[in-house]
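Encoded as structure tokens, the structure appears first; notes follow it.
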Amino acid sequence: MSKKRPDNNTVIRHSLSSRLSLWIVLFAAAMFLLSLGYIFQVAQKTVRQEAIQGATRELENTVQRVNDILENVEITADNLEWLIYRDLDKPEAMMEYSRSVVLNNSFLNGCSISFEPYFYKSKGKYYSCYSNNNGKTVYTQQEGNDKYQYFYLDWYLLPKLLRQPCWTEPYTDQEEEDALTMDSKMMVSYCRPLIGNDGNFVGSLSLDISLEWLSETISAVKPYPHSYSIMLGRGGTYLVHPDPEKLFYQTIFTQQLVSPNLEQWELGQDMLDWKEGMREIKLDGEKCYVFFRPMLATGWSVAIVCPERDIFGNYHRFQNIVIAIVALCLLLMFLVFSRLILNLLAPLRHLAAQAHVIADGKFDQKLPGTRRADDEIGVLTNAFGEMQGSLVNYIDELTESTAKRERIEGELQIARGIQMGMVPNVFPPFPDRKDIDLYAIIRPAKEVGGDLYDYFIQDGKLHFCIGDVSGKGVPASLFMAVVCHQFRLLAKQGLPPAEVARQINDSLSENNEQLMFVTLFIGQMDLQCGRLEFCNCGHNPPVLLAPAPHFMECLPNTPIGVCAGWEFEGQVLENFRNIPILLYTDGLNEAENEQHEEFGNDRLLTVLSTHPFTEAKDLVDTLLEAVAQHVGKAEASDDLTLLCLNFQ
């Protein structure tokens, strides 16, 4: 039952009009993509540069605002220091100065004027005038006592040890239960050492500002909806961060212990090294742009983190709109061109319909006429007419040649079957002889070949041979048949291998106008004593597998069929028991791969060495697999024959 032929109109429409339209649209799409790709690339660079500049300006302004406040704190401390030195001998004045400076400077959270133990004899061991602004009123008191020994705290010790003004790291000033600062706000202090007339340290002036206020000032900077700010202390501690759990108790490196992030670690190093710049890193799985800048007065570093989706959000929305418009235009273009080309190809559809009728075997079918003789469709119609005239003759010739080829192939298959039937192919060959392990195989390069092997037992002796006829194909197979016949005929007469070789040589050399020859290895083993008598007639030397694989030493006799009257010399091994022998043709060691590299004798010995002998068939299968892996997809260059024998 014949398959249903597709509709002609559908074939033409799908193969020409739609494809041509598709190619036009694809070309236009490629041009659009190239143009838009360049435009998008330039636009992306512009957006990125503007984002960097904008965020950098915001960061600079923020740092400047904070620095202005910090500078005001330092100026206030300078002014207050002059008053303290002027009235250093008036301890009560220190209380007034502490309260006054907090009242007159709203940005201050507190002020502490503290002295060394017993500096004022009348005040005892502790004298620290502390004023605090809790947001409603200003409280002033002497804060030193046995529970609150201020001269061991950072804001007192740092200026004492450094002998210069400095900023402390953030801290919580915890006092006794009846202290004024019950809310324990985080703060930082600007400290100045107080030096007496004798050059000795006498006390410390400390002005406090609330870190909460500082955090609000920095966090207010949001260049983008999801951007946020962070600030690191000198040790990398988060002083400002949107996640309250990280504030003051985690550093920028804490997360590295859980999930190492090299980019974040490098950012932390840059910020702690007081560097200024921008980095592109991944934070919590999201790509971000981080702009950072140091605050030199305090040793801290401020950064603005801007997610990439915020920076390029509008850009990506615009990009998607443009792509959608371009896709719609390309779709409309495809529809318009498809319709236009479909109309132009209408005559071709009619021609295709008639061509299908001819393809069904109606070669006398008249092709449709056309009024477009000068265009491509007219030329195609005329070409179909010429083709139709010669198609019948071609098909008749093709039918005849196909029949001949099939007949020849059939005959070659029969010849192959006959040839394979000429060599023994039933294994094990001697089921009643457990002391003989023998296996052989032929792989012709063509349908028939010139390789051969044979074996049989007669009068307590095992006769065997393997050979390789020069050439390939049918001539080699005929020559091989003659050799097999003569070997079996002469060997059954009990002649030694050298005499068998001589008589076969004399017979084949007569009327050998094609100058064909055969390399042959003939063996005769006495199954009583294990004595091996053999003659090698120009054949590849066999491989002895015991004690280790090595090539057998053979006398250099000439191949059979070269010259009549040649005397062949045989050899004898007295005890050949338990010495497995491998006979092969050059189709094994000369097998080539696609790079024309031969399998080679070295590789042959390597394979035999790495696969210890167990039985003849396993050895032959191992070699066939090794040759197949070496040759790969390359065509077989020669016949391949293997025969493995072990007499125990």
From CA spacing to verdict: side chain to side chain contact (heavy atoms under 4.5 Å, CB included), L624, L640: CA-CA 9 Å; L624 291 177; L640 171 61; 3.7 Å; yes

Atom CG of N197: over 12 foreign heavy atoms under 6.0 Å: no

Under 3.5 Å: donor-acceptor pair, side chain of T298, backbone of W167: no

Contacts of E280 that satisfy side chain to side chain contact (heavy atoms under 4.5 Å, CB included) - sequence neighbours left out: R48, M278, K287, Y289

Y127 vs M95 side-chain heavy atoms within contact, under 4.5 Å: yes

Pairwise distance CG(N601) to CZ(F551) - rounded to 0.5 angstrom: 3.5 Å

Neighbour count above 12 (heavy atom, 6.0 Å) for K125 NZ: yes

Residue pair N133, N109: steps toward the side chain to side chain donor-acceptor pair (under 3.5 Å) verdict: CA-CA 5 Å; N133 186 347; N109 183 257; over 6 Å; no

Gap between atom OG1 of T56 and atom CD1 of I304 - 0.5 Å precision: 8.5 Å

Under the salt bridge (Lys or Arg N to Asp or Glu O under 4.0 Å) test, residues paired with K123 that sit two or more places apart: E92

D87 side-chain N/O to K90 backbone N/O, donor-acceptor pair under 3.5 Å: no

Whether W274 side chain and G299 backbone form a donor-acceptor pair below 3.5 Å: yes

Full working for side chain to side chain donor-acceptor pair (under 3.5 Å) between Y156 and D154: CA-CA 5 Å; Y156 189 88; D154 285 351; over 6 Å; no

Heavy-atom pair with the smallest gap, counting every atom of L272 and G233: CD2-O, 3.6 Å

SB check R192 E74 (cutoff 4.0 Å): no

Side chains of D208 and S189, donor plus acceptor under 3.5 Å: yes

Which atom of V102 lies closest to which atom of G110, heavy atoms considered: CG2-C, 3.9 Å

Trace of the side chain to side chain contact (heavy atoms under 4.5 Å, CB included) decision for E592 with H630: CA-CA 8 Å; E592 294 183 348; H630 172 74; 5.8 Å; no

N/O donor-acceptor pair under 3.5 Å between N105 side chain and F107 backbone: no

T137 OG1 to L103 CG distance, which is reported to the nearest 0.5 Å: 7.5 Å

From CA spacing to verdict: salt bridge (Lys or Arg N to Asp or Glu O under 4.0 Å), E169, R234: CA-CA 7 Å; E169 285 289 276; R234 287 189 288 265; 3.8 Å; yes

Audit row: V290, I281, side chain to side chain contact (heavy atoms under 4.5 Å, CB included) steps and yes/no: CA-CA 7 Å; V290 182; I281 67 174; 3.9 Å; yes

Donor on one side chain, acceptor on other, Y97 and R86, under 3.5 Å: yes

Heavy-atom closest contact (M94 atom, I113 atom, distance): O-CD1, 3.6 Å

Donor-acceptor contact below 3.5 Å, side chain D310 vs main chain C306: no

Non-hydrogen atoms of K160 and R163 that approach each other most closely: O-NE, 3.4 Å

Side-chain heavy-atom pair I195, V202 within 4.5 angstrom cut-off: no

Distance-only donor-acceptor check, side chains Y126 and D146, under 3.5 Å: yes

Among S114, S128, S131, S206, the one residue meeting side chain to side chain donor-acceptor pair (under 3.5 Å) with S98: S131

H611 side chain to S609 backbone, donor-acceptor under 3.5 Å: no

Donor-acceptor side-chain pairing of E597 and N593 below 3.5 angstrom: yes

Atom CD of E245: over 12 foreign heavy atoms under 6.0 Å: no

Taking distance alone, no hydrogens or angles, what donor-acceptor pairs closer than 3.5 Å link side-chain atoms of residues 264-271 to residues at least two apart or in another chain?
{"from": "Q264", "atom 1": "NE2", "to": "I252", "atom 2": "O", "distance (Å)": "3.3"}
{"from": "E266", "atom 1": "OE1", "to": "R279", "atom 2": "NH1", "distance (Å)": "3.4"}
{"from": "D270", "atom 1": "OD2", "to": "R279", "atom 2": "NE", "distance (Å)": "2.8"}
{"from": "D270", "atom 1": "OD2", "to": "R279", "atom 2": "NH2", "distance (Å)": "3.0"}

I230 and F292, any side-chain heavy atoms less than 4.5 Å apart: no

S100 side chain to N104 side chain, donor-acceptor N/O pair below 3.5 angstrom: yes

Within 6.0 Å of CG in N79, more than 12 heavy atoms from elsewhere: yes

N132 CG to L108 CG distance, which is reported to the nearest 0.5 Å: 11.0 Å

Euclidean distance, E615 CD relative to D618 CG, rounded to 0.5 Å: 4.0 Å

Side-chain heavy-atom pair L70, N72 within 4.5 angstrom cut-off: no

Student check: side-chain heavy atoms of N589 and E598 closer than 4.5 Å: no

Donor + acceptor pair across side chains of T254, T251 (<3.5 Å): yes

Separation of L335 CG from L330 CG (nearest 0.5 Å): 11.0 Å

Over 12 foreign heavy atoms within 6.0 Å of CD, E635: no

E143 side chain to S112 side chain, donor-acceptor N/O pair below 3.5 angstrom: yes

Worked check of side chain to side chain contact (heavy atoms under 4.5 Å, CB included) between D243 and Y228: CA-CA 10 Å; D243 185 356; Y228 59 90; over 6 Å; no

Main-chain N/O of W155 paired with S204 side-chain donor or acceptor, under 3.5 Å: yes

Side chain proximity check, C191 to P165, heavy atoms < 4.5 angstrom: no

Aromatic ring proximity Y120/F115, centre distance under 6.0 Å: yes

Minimum heavy-atom distance C111-L207, with the two atoms named: SG-CD2, 3.4 Å

T237 side chain reached by L232 side chain, heavy atoms, under 4.5 Å: no

Y139 side chain near N134 side chain, heavy-atom distance below 4.5 Å: yes

For the student: nearest non-hydrogen atoms of Y150 and G144, plus distance: CD2-CA, 3.7 Å

